[in-house]
Trainee: 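Can you read through this structure? Questions will come right after.
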Amino acid sequence: MKNFPALLVLTALAAHAQWNLMPLPAVIEAKKGTFNATKLSFQITGGDMRVQRAVDEYGQRDATAPNFTIQVLQPGAAVQQLGEDESYTLDVDPGIIRLKAPTSLGALRGLATFAQLRVKGAVPAVHIEDRPRFPWRGLHLDVARHFMPVDVIKRNLDAMAAVKLNVFHWHLSDDQGFRVESKVYPKLHEMGSDGLYYTQVQIKDVVEYARLRGIRVVPEFDIPGHAASWLAGYPELAAAPGPYQIIRTWGIFDPTLDPSNPKVYEFLDGFIGEMTKLFPDAYFHIGGDEVNGKQWKAKGLTNTEAVHAGFNQKLQKIVAKYGKRMEGWDEILSDSLPRNIVIQSWRGQKSLFEAARNGFSGILSAGYYLDHMDTAATMYLVDPLDEKGRASGMLRSTEAKTPPSPPLTEEQRKRILGGEVCMWVEYVSPETVDSRIWPRTAAIAERFWSPEGTKDIADMNRRLDWTSTYLDRFGLKHNTNYQMMLERLAGSNNVAALKNLADVVTPGDLGLRHRMKRDYTQQTPLDRFVDTARPDSPVIRQFNALVEQYFDGGKSPKVRAQIDQWLKLWAANDAILQQMAENRPALAEIKPLSKTFSALAAAALKGGGMRADDALFQTAKQPVAEVRLSVAPALTRLATTP
Ligand code: TNX
């Protein structure tokens with residue numbers, strides 16, 4: 001009996017090891033046989049044009065001899081609502097596939113599952129019953145720091161739909177750019193965007209593109225701070241005299257709207273009235289983060305927290321007047337606001353739980369910051385409903401000090417609606433954005449969709465690598481741009497040595513990049529080695545796993561042979577790379593890194609016995625050219641362990 005739990009775990013592992021699905025469904029049971037038809041003919045009962053459009057990507061609609069039936073009970077809301085039923089059941093049998101869903105949305109989710117199952121042509125017979133764990137599963141994308149053209153947005157919406165994310169949070173204004181055409185206040189986009197903005201026609205097109213894929217679009221206009229781009233055209237809205245310009249660097253800045261000026265609210269009324277017509281979603285995000293209060297204090301508004309709360313109260317009334325619910329970052333949380341707003345927590349589960357206790361709804365983003373460059377596995381284990389979960393980044397130390405609070409009641413738990421992955425783009429361009437978002441976001445999508453207990457890291461990583469390739473078919477560029485950028489750096493398509501190095505490093509997070517290179521601006525090209533390298537490289541993961549297996553599993557010679565294969569390749573790499581770097585100024589900055597890498601691999605190859613305080617290991621720990629050598633700990637272990 002004692003072995004029972006372990007056995008159970010093993011069967012659970014075996015049960016899903018065969019599936020290439022991400023996110024994993026709630027219930028999946030293999031059946032005998034395979035569905036083999038290469039041509040699909042669909043028969044759809046019920047549902048709306050969203051289902052028809054999705055089906056048209058796979059085959060024909062043919063009522064006479066269908067081999068794929070879709071039965072939808074209700075079309076679902078024309079403007080997608082939070083909490084709509086997204087469940088479905090999918091039955092694949094040798095002769096026929098049957099998909100059933102209460103709403104069109106559920107049918108879309110079922111088709112997304114089907115598409116992943118079918119990736120090799122045939123579809124294994126299977127019974128799936130599936131539903132999301134959280135109703136709010138989002139991706140937040142900043143398009144202010146670096147503008148992201150419509151084609152970038154659309155391919156990312158396709159990828160979102162493929163992994164069942166259902167909210168696109170569009171961060172449309174910040175100090176560095178105002179990205180929407182306004183007909184009411186045209187100086188917003190004319191003077192705040194360098195001409196890089198979406199026309200209203202483009203906005204409507206994107207909103208419809210998302211809607212057809214079962215994705216809500218929540219716009220964010222970040223005020224009263226992060227608002228310098230508004231003030232370029234309308235300096236009279238500021239709390240201190242202008243003139244103002246678009247800010248070209250990164251950080252927290254002074255320019256802020258004036259909460260004591262009635263004209264500011266008139267302006268916001270006109271603006272929000274215009275924008276709420278463009279964005280049909282029930283929620284409207286007003287930002288509210290990182291107000292430093294300097295301009296307010298200078299004019300005697302000294303209690304900045306109360307001033308901010310007062311501003312938000314007035315703002316909320318305007319948002320509500322246009323039929324919307326207000327959403328904002330952590331800092332807007334205040335007892336004075338109605339409970340129908342949504343708090344987006346970027347500081348940790350603690351503030352989210354606090355909000356829920358106070359009657360507010362909320363979503364978690366702390367821990368899902370793609371620009372922190374954490375691995376998928378690290379972010380995967382962050383759970384919106386785990387109060388003691390890892391708090392991300394800057395607030396970790398303060399959070400650790402506060403005493404624990406009582407667990408949430410069932411009612412309070414329901415207020416935690418889900419989460420959003422955050423893509424801030426200070427150090428990201430249209431060329432690199434896919435590789436920062438994907439495939440890591442697919443793992444977080446699984447956290448938001450799949451049952452709470454879905455936590456097998458090894459299996460997640462296996463499916464993540466599969467998903468990375470799967471996403472290529474939607475035109476995502478995280479793989480193709482890697483190769484292209486390597487070739488551009490190398491000045492040749494012979495990139496093997498450069499790729500070997502890029503495969504074992506992790507690009508620095510935003511803090512590291514800021515510390516190592518102080519002169520970044522919005523115009524700095526993001527085409528260097530650090531931009532080319534990708535977070536959570538599969539090679540690092542696989543090598544680390546191999547080394548762990550070696551030491552934990554009694555130093556098997558078979559595993560050692562596999563390790564040594566890598567080490568030989570890497571030890572010889574520097575000679576080739578140094579030659580490649582001759583006359584390539586773009587590669588000069590990585591010469592020392594390459595040298596350290598090969599020296600470390602050579603030391604590891606010799607095997608054991610080196611002193612841990614050897615200078616080589618200290619050097620290998622230091623970031624170079626804004627990247628970290630992520631195989632350094634494993635190589636050091638091999639070189640020093642007797
Ligand atoms: C904090 S999180 C910000 C953003 C930055 C981001 C970088 C939040 C609401 N504000 O302005 O881009 O950190 O990680």
Side-chain angles (χ1 to χ4, degrees), residues 373 435 481-508 512-513 516-517 527-548 550 559-641:
M373 297 294 172
S435 74
N481 277 359
Y482 186 43
Q483 181 67 22
M484 181 276 285
M485 292 177 79
L486 287 168
E487 289 180 10
R488 191 172 60 201
L489 279 177
S492 137
N493 60 10
N494 183 7
V495 297
L498 186 61
K499 183 170 181 297
N500 286 339
L501 185 61
D503 277 346
V504 296
V505 301
T506 303
L512 180 72
R513 298 195 67 166
M516 292 192 78
K517 180 172 154 59
D527 58 359
R528 287 159 52 216
F529 183 73
V530 56
D531 305 298
T532 305
R534 300 181 296 178
D536 201 5
S537 157
V539 173
I540 299 169
R541 235 192 286 132
Q542 285 155 21
F543 185 74
N544 285 345
L546 215 49
V547 171
E548 235 166 79
Y550 176 67
V559 177
R560 183 69 208 202
Q562 274 177 281
I563 291 175
D564 285 353
Q565 248 177 15
W566 283 112
L567 298 180
K568 279 177 201 150
L569 177 76
W570 292 345
N573 202 64
D574 183 50
I576 309 166
L577 196 61
Q578 295 294 341
Q579 214 176 18
M580 194 179 201
E582 260 175 48
N583 309 316
R584 298 289 312 163
L587 297 184
E589 63 176 349
I590 59 164
K591 284 181 177 181
L593 179 73
S594 168
K595 200 172 154 225
T596 306
F597 171 51
S598 288
L600 202 55
L605 194 57
K606 272 201 209 122
M610 271 179 82
R611 288 180 51 135
D613 60 1
D614 193 287
L616 177 61
F617 307 127
Q618 298 313 312
T619 309
K621 275 188 200 158
Q622 299 309 315
V624 177
E626 298 163 55
V627 306
R628 290 184 191 282
L629 188 57
S630 298
V631 287
L635 292 176
T636 303
R637 190 172 177 195
L638 287 166
T640 55
T641 309

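Side-chain atoms are counted along with the backbone in the values below, which use heavy atoms only and exclude waters and symmetry mates. Fair warning: this is a prediction, and the values are worked out from it, not measured in the lab.
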Trainee: Please tell me if the side chains of Leu498 and Leu587 come closer than 4.5 Å, counting only heavy atoms from C-beta onward.
Mentor: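 SC-SC contact between Leu498 and Leu587 confirmed.
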Trainee: Roughly how far, to the nearest 0.5 Å, is CZ of Phe617 from CZ of Arg637?
Mentor: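 One finds 13.5 Å between CZ of Arg637 and CZ of Phe617.
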Trainee: Locate the shortest heavy-atom distance separating Ala601 from Ala571; write the atom from each residue and the value.
Mentor: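 For Ala601 versus Ala571, the nearest heavy atoms are CB-N, 3.7 Å.
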Trainee: Which heavy atom of Met610 sits nearest a heavy atom of Asp614, and at what distance?
Mentor: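 Shortest heavy-atom contact: CE-OD2, 3.4 Å.
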Trainee: Just wondering, do Trp566 and Val631 contact through their side chains at under 4.5 Å, heavy atoms?
Mentor: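 Result no, sub-4.5 Å side-chain heavy-atom pair not found.
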Trainee: Indicate the atoms forming the closest heavy-atom contact of Ala604 with Leu635, along with that distance.
Mentor: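 Where Ala604 meets Leu635 most closely, the heavy atoms are CB-O, 3.7 Å.
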Trainee: With heavy-atom distances below 4.5 Å as the criterion, would you say the side chains of Val504 and Leu629 are in contact?
Mentor: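 Yes, side chains in contact.
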Trainee: Verify the distance criterion only: is there a donor paired with an acceptor across the side chains of Asp574 and Ser594 at less than 3.5 Å?
Mentor: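 Yes.
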Trainee: For Ala625 and Val530, which heavy atoms make the closest approach, and how far apart are they?
Mentor: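 That closest heavy-atom pairing would be O-CB, 3.7 Å.
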Trainee: Please round to the nearest 0.5 Å and tell me the distance separating atom OG1 of Thr640 and atom CG of Asp613.
Mentor: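 The CG atom of Asp613 is 10.5 Å from OG1 of Thr640, to the nearest 0.5 Å.
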Trainee: Distance check, rounded to the nearest 0.5 Å: Glu626 atom CD versus Leu593 atom CG?
Mentor: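 Answer for the CD-CG pair, Glu626 versus Leu593, is 12.0 Å.
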Trainee: Should Arg528 and Glu589 count as an ion pair when the cut-off is N to O under 4.0 Å?
Mentor: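 Salt bridge: yes.
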Trainee: Identify the heavy atoms of Val627 and Pro507 that sit nearest to each other, and give their distance.
Mentor: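 In terms of heavy atoms, the two residues are closest at CG1-CA, 4.2 Å.
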Trainee: Determine whether Lys499 and Tyr482 make a side-chain contact, defined as any pair of heavy atoms from C-beta on separated by less than 4.5 Å.
Mentor: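 Yes, side chains in contact.
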Trainee: Using side-chain heavy atoms (C-beta onward) and a distance below 4.5 Å, is Trp570 in contact with Leu600?
Mentor: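 No - every pair of side-chain heavy atoms lies 4.5 Å or more apart.
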Trainee: Would you say Leu489 and Arg584 make side-chain contact, with heavy atoms under 4.5 Å?
Mentor: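 Heavy-atom side-chain distance check fails, nothing below 4.5 Å.
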Trainee: Checking Glu582 against Gln578: is there a side-chain donor and acceptor pair closer than 3.5 Å?
Mentor: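 Note: Gln578 and Glu582 side chains miss the donor-acceptor criterion.
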Trainee: Might you work through the side-chain contact (heavy atoms from CB on, under 4.5 Å) test for Ile590 and Val624, ending with a clear yes or no?
Mentor: CA-CA 7 Å; Ile590 59 164; Val624 177; 5.9 Å; no
Trainee: Can you measure from CG (Asp503) to CZ (Arg534) and round to the nearest 0.5 angstrom?
Mentor: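 Rounded to the nearest 0.5 Å, the CG-CZ separation comes out at 7.0 Å.
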Trainee: Check this for me, if you would: do Arg560 and Asp564 make a salt bridge, where the nitrogen-to-carboxylate-oxygen distance has to be below 4.0 angstrom?
Mentor: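 Yes, Arg560 and Asp564 are salt-bridged.
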Trainee: Could you state the interatomic distance from CG (Asn500) to CG (Leu569), rounded to the nearest 0.5 Å?
Mentor: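 Reported value, rounded in 0.5 Å steps: 4.5 Å.
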Trainee: For the CG atom of Asn494 and the CG atom of Leu486, what is their distance to the nearest 0.5 Å?
Mentor: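 Spacing of CG (Asn494) from CG (Leu486) equals 11.5 Å.
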Trainee: For Lys595, does the NZ atom have more than 12 heavy-atom neighbours from other residues, nucleotides or ligands under 6.0 Å away?
Mentor: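 No, not enclosed.
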Trainee: Give me the atom names and distance for the closest heavy-atom approach of Met373 to Pro535.
Mentor: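 So the two residues come closest at SD-CB, 3.7 Å.
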